[in-house]
A.B. asks: 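Below is a structure I'd like to ask you about.
Just follow the structure's listing: the first ligand is 1, and inside any ligand the first atom is 1.
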Amino acid sequence: PRKIILDCDPGHDDAIALALAHGSPAIDLLAVTTVAGNQTLAKVTRNARAIAATFGLTGVPIAAGADRPLVGDLIVAPDIHGETGLDGPALAEPTDPLDARHAAELIIDTVLAHQPGEVSLVPVGPLTNIALAARLEPRITERVGEVVLMGGAVGPGNRTPVAEFNIWADPEAAHIVFGAPWRVTMIGLDVTHRALATPQVRERIRALGSGPARFVEEMLAFYGGAYRTHQGFSAPPVHDPCAVAYLIDPTMIATRRAPITVELAGAATRGMTVVDLRGPTPAGRHRVALDLDADRFWDVMIDAIARIGADG
Ligand SMILES: Nc1ccc([C@@H]2N[C@H](CO)[C@@H](O)[C@H]2O)cc1
Ligand SMILES: [Ca+2]
């Protein structure tokens, strides 16, 4: 199985990414770290611990990280995720204690405790913790297998016409992450907007009949309503599990090598990922995701939820 660290800001789709990482036999989830983004650090950390308890995820360290972006103020996303950051389902009481380390320290300790290339980072929130870890211990930028992040877009954004929320929330952190020596694969909105929790998908989840399945369904009920109201989607896209799915089966997502630059200074374009798809494929380490096999994605996703339900 692929060993990963999931850095997240739960967040309904972050919770579904946790379900996929925990339930999939192809993933060995070594650690979970939280970052302010969808909601404040306190709220997303509380949510991560409650989600872990609901899914029977124990013995995996959870550490809180940055409570704001590197530069500027924290701007949360209550319209989609609600005041708690996980509106909808009742939240279980956390079981495991919070790890005492900062997220950046847990990331560094975990990567250095494994062989080079063994551990991959899967950030699905603003990239503040990943940037801090790279600056605190630059050796991890040569030791991490790959960074597979949910963020950015080749085409239109969601937080602004051209910027996706995770990058927009901390563009300087994204600039650091894309500029470090590690291999980065960007799973952006072009792909995640195809991972739609349609009524047919939600019926398959409901039919599993387990506690975790009910929890996912209750999350999708709120998340789907918020997406319909605020973004006019008939079915909500679950962005974050797409990044985990890429590590489970890379053939599920079509990628190509492309230079990626983060806009820091544009008045109208700050937080935009500028992806250069022109001309012959360049050299370099960045890859951008361009297409998703949605049927395959949901098969893997629903199988993972079923496996949690069987154990948890
Ligand atoms: N409108 C909206 C804002 C933020 C997010 C969160 N940011 C990323 C998608 O932009 C995902 O990680 C998701 O958790 C999703 C929708
Ligand atoms: Ca997220």
Side-chain angles (χ1 to χ4, degrees), residues 4-21 32-41 43-48 51 62 64-66 69 74-88 103 121-130 147-171 173-174 177 185-197 216 219-220 222-233 235-246 262 271-273 289 292:
I4 74 164
I5 298 169
L6 187 75
D7 184 75
C8 56
D9 59 336
H12 296 70
D13 57 326
D14 303 70
I16 297 172
L18 264 168
L20 183 55
V32 176
T33 51
T34 59
V35 61
N38 282 323
Q39 262 299 349
T40 63
L41 180 67
K43 290 179 178 180
V44 301
T45 304
R46 161 78 175 88
N47 294 339
I51 294 157
I62 300 177
L74 172 64
I75 300 174
V76 295
D79 54 338
I80 293 291
H81 299 283
E83 266 317 300
T84 69
L86 203 65
D87 282 18
L121 305 185
V122 184
V124 296
L127 292 164
T128 320
N129 290 338
I130 314 303
V147 176
V148 180
L149 65 89
M150 191 281 133
V154 177
N158 59 358
R159 188 61 187 75
T160 80
V162 295
E164 178 279 328
F165 179 86
N166 289 348
I167 308 298
W168 174 89
D170 194 339
V177 170
T185 298
M186 181 183 107
I187 313 286
L189 296 176
D190 323 276
V191 160
T192 66
H193 277 169
R194 300 178 190 183
L196 298 171
V216 172
M219 284 199 296
L220 288 173
F222 178 87
Y223 187 62
Y227 246 100
R228 192 179 308 110
T229 307
H230 294 282
Q231 296 199 15
F233 278 61
V238 290
H239 308 277
D240 295 337
C242 293
V244 177
Y246 180 73
V262 179
M272 178 177 186
T273 47
L292 170 77

A.B. asks: Which ligand 1 atoms are under 4.0 Å away from a heavy-atom of Met150?
C.D. replies: 8 (C), 9 (C), 11 (C), 12 (O)
A.B. asks: Could you check atom 12 (O) of ligand 1 against the protein and tell me its nearest heavy-atom contact, residue, atom and distance included?
C.D. replies: Asp240 OD1, 2.6 Å
A.B. asks: Mark the output for His230 as yes if a heavy-atom distance to ligand 1 is under 4.0 Å, and as no if none is.
C.D. replies: no
A.B. asks: Identify the closest protein heavy atom to atom 6 (C) of ligand 1: which residue and atom is it, and at what distance?
C.D. replies: Asn38 OD1, 3.3 Å
A.B. asks: What's the shortest distance from atom 2 (C) of ligand 1 to any protein heavy atom, and which residue and atom give it?
C.D. replies: Ile80 CG1, 3.8 Å
A.B. asks: Which ligand 1 atoms does Asp13 reach within 4.0 Å, using its non-hydrogen atoms?
C.D. replies: 11 (C), 12 (O), 13 (C), 14 (O)
A.B. asks: Is a donor on one side and an acceptor on the other found under 3.5 Å between the side chain of Asn38 and the backbone of Gly85?
C.D. replies: no
A.B. asks: Which word best sums up how the rings of Trp168 and Phe165 line up, parallel for under 30°, tilted for 30 to 60°, or perpendicular for over 60°?
C.D. replies: tilted
A.B. asks: Which of the atoms of ligand 1 are close to Asn158, meaning less than 4.0 Å from one of its heavy atoms?
C.D. replies: 9 (C), 10 (O)
A.B. asks: When you measure from the side chain of Asp170 to the backbone of Leu127, do you find a donor-acceptor pair of N or O atoms at a distance under 3.5 Å?
C.D. replies: no
A.B. asks: For Glu164, take its heavy atoms, then give the atoms of ligand 1 lying under 4.0 Å from any of them.
C.D. replies: 7 (N), 8 (C), 9 (C), 10 (O)
A.B. asks: May I ask you to decide if Asn166's main-chain N or O and Glu164's side chain share a donor-acceptor pair within less than 3.5 Å?
C.D. replies: yes
A.B. asks: Should the ring pair His12 and His81 be called parallel, tilted or perpendicular, given that the plane angle runs from 0 to 90° and is split at 30 and 60?
C.D. replies: parallel
A.B. asks: So, the side chain of Asp7 versus the backbone of Pro123: is there a donor-acceptor pair under 3.5 Å, distance only?
C.D. replies: no
A.B. asks: Please confirm whether Val124 comes within less than 3.5 Å of ligand 1 when only nitrogen or oxygen atoms on both sides are compared.
C.D. replies: yes
A.B. asks: Testing Val32, Ile51, Leu6 for side-chain contact (heavy atoms from CB on, under 4.5 Å) with Ile62, which one passes?
C.D. replies: Val32
A.B. asks: Under 3.0 Å from the Ca ion (ligand 2), is there an N/O/S atom belonging to Asp9?
C.D. replies: yes
A.B. asks: Is the closest heavy-atom distance from Gln231 to ligand 1 below 4.0 Å?
C.D. replies: yes
A.B. asks: Need the ligand 1 atom indices (1-based, order shown) with element for anything under 4.0 Å from a heavy-atom of His81.
C.D. replies: 5 (C), 6 (C), 14 (O), 15 (C)
A.B. asks: Give me the nearest non-hydrogen protein atom to atom 7 (N) of ligand 1 as residue plus atom name, then the distance to 0.1 Å.
C.D. replies: Asn166 OD1, 3.1 Å
A.B. asks: Would the distance check show the side chain of Thr273 and the main-chain N or O of Ala153 forming a donor-acceptor pair, the cut-off being under 3.5 Å?
C.D. replies: yes
A.B. asks: Of the options Asn129, Asn47, Thr45, which is the one that meets Thr34 in a side chain to side chain donor-acceptor pair (under 3.5 Å)?
C.D. replies: Thr45
A.B. asks: What angle sits at the Ca ion (ligand 2) between OD1 of Asp14 and O of Val124, to 10°?
C.D. replies: 140°
A.B. asks: Just to confirm my output: which protein heavy-atom neighbour is closest to atom 16 (C) of ligand 1, and how far is it?
C.D. replies: Tyr227 OH, 3.3 Å
A.B. asks: If I consider every N, O or S atom in Asp240, which one ends up closest to the Ca ion (ligand 2)? I only need its name.
C.D. replies: OD2
A.B. asks: Is there a polar contact, in the sense of an N or O pair closer than 3.5 Å, between His239 and ligand 1?
C.D. replies: no
A.B. asks: Treating Gln231 as the side-chain partner and Pro236 as the backbone partner, does any N or O pair qualify as donor plus acceptor under 3.5 Å?
C.D. replies: no
A.B. asks: Tell me, do Lys43 and Thr84 make a side-chain contact under 4.5 Å, heavy atoms counted?
C.D. replies: no
